[in-house]
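This report concerns only the one structure given below.
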Amino acid sequence: MSTDKAKIAVLVSGGGTNLQALIDGQKSGIIASGDISLVISNNPDAYALERAKAAGIATAVVNKKDFATSFDFEEAIKKLLNERAIDIIVLAGFMCILGENFTKAYPRRIINVHPSLIPSFCGKGFYGLRVHEAALAYGVKVTGATVHFVNEIPDGGEIIMQRAVEIEDGDTPEILQRRVMEQAEWKILPLSVEKICGEIVRSKNAK
Ligand code: GAR
């Protein structure tokens with residue numbers, strides 16, 4: 001049987017503007033080889049869940065606080081992914097670091113968007129606004145965003161796409177965060193998802 005779309009799960013924690021970019025990308029046809037089938041949030045109050053519901057996408061909350069160990073938390077996420085036969089997992093503002101038990105289960109099947117040009121301002125402790133604070137404190141003139149595969153090293157997996165963004169006089173972390181999202185993240189995340197979904201569909205159909 002030929003497969004025409006890869007099943008996508010998106011993991012979120014907050015506002016979900018990157019999730020929105022994926023939903024919009026699916027509507028506009030930028031994402032033609034994948035279907036967003038499930039959105040999982042570790043945060044029950046994430047606005048991203050509202051965005052998913054508005055788009056008619058199934059949602060689930062897996063709150064780390066409800067589990068005794070990180071292992072149990074990750075197993076609960078795995079169970080949901082496996083039940084729905086998910087092909088690709090997109091971390092879109094997901095603020096939990098996933099352990100080796102999780103990442104090794106999905107080699108080259110988990111992708112993350114990070115708001116800097118890796119290897120700058122990345123790894124443990126660099127997330128959200130902190131990344132932009134660090135870029136401004138260092139005084140770099142160019143920053144950007146990176147989409148990469150997720151492995152056992154935080155922000156250390158193979159790079160899929162990057163886009164540069166200029167820093168401007170008077171930037172605050174908030175202004176810079178918004179520019180990096182608009183000019184880089186919301187563009188390269190849907191493009192990267194389509195690239196990987198296309199590869200998954202082609203490899204399934206070749207079997
Ligand atoms: C985005 O800027 C994303 O790159 C970043 O958090 C923000 C989430 O916004 N992710 C990380 O820092 C991961 N290390 P969103 O919820 O509106 O997509």
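Numbers for residues simply follow the sequence, beginning at 1. Order of appearance sets the numbers: ligands from 1, and atoms from 1 within every ligand.
Applying the salt bridge (Lys or Arg N to Asp or Glu O under 4.0 Å) test to residues at least two apart or on different chains, the pairs with a partner in residues 131-158 are R108-E158. The salt bridge (Lys or Arg N to Asp or Glu O under 4.0 Å) contacts involving residues 178-187 comprise E168-R179, D171-R179, R178-E182, where partners must be two or more places apart or lie in separate chains.
Counting heavy atoms from C-beta on, the side chains of I36 and V193 never come closer than 4.5 Å.
Look at R130 and you'll find every heavy atom at least 4.0 Å from all atoms of ligand 1. A48 does not count as a contact of ligand 1, since none of its heavy atoms falls under 4.0 Å from the ligand.
A parallel orientation is assigned to the rings of F94 and F73, their planes being inclined by less than 30° (bins at 30° and 60°).
Among protein heavy atoms, the minimum distance from atom 8 (C) of ligand 1 is reached at G93 CA, 3.6 Å. Looking only at heavy atoms of the protein, atom 9 (O) of ligand 1 is closest to M181 CE, 3.4 Å. What sits closest to atom 16 (O) of ligand 1 on the protein, heavy atoms only, is G16 N, 2.8 Å. In terms of protein heavy-atom proximity, atom 2 (O) of ligand 1 is nearest to E185 OE2, 2.9 Å. The nearest protein atom to atom 14 (N) of ligand 1, hydrogens excluded, is given as H114 ND1, 3.4 Å; this is a heavy-atom distance. Protein heavy atom nearest atom 6 (O) of ligand 1, with residue, atom name and distance: M95 CE, 3.2 Å.
No option in N43, N42, D45 other than N42 meets the side chain to side chain donor-acceptor pair (under 3.5 Å) test with S13.
When only interatomic distances are considered, the shortest N/O to N/O separation between N18 and ligand 1 falls below 3.5 Å. When only interatomic distances are considered, the shortest N/O to N/O separation between N112 and ligand 1 does not fall below 3.5 Å.
Remark: ligand 1 atoms within the under-4.0 Å shell around heavy atoms of G128 are 11 (C), 12 (O).
Looking only at distances, a side-chain donor or acceptor of T146 sits under 3.5 Å from a matching main-chain atom of I118.
Residue contacts with ligand 1 for F126 involve N, CA, C or O but no side-chain atom from C-beta outward (heavy atoms, distance under 4.0 Å).
Here CZ of R51 is found 14.5 Å from OG1 of T59. Values are rounded to the nearest 0.5 Å.
Between A92 and L19 the shortest heavy-atom distance is CB-N, 4.3 Å.
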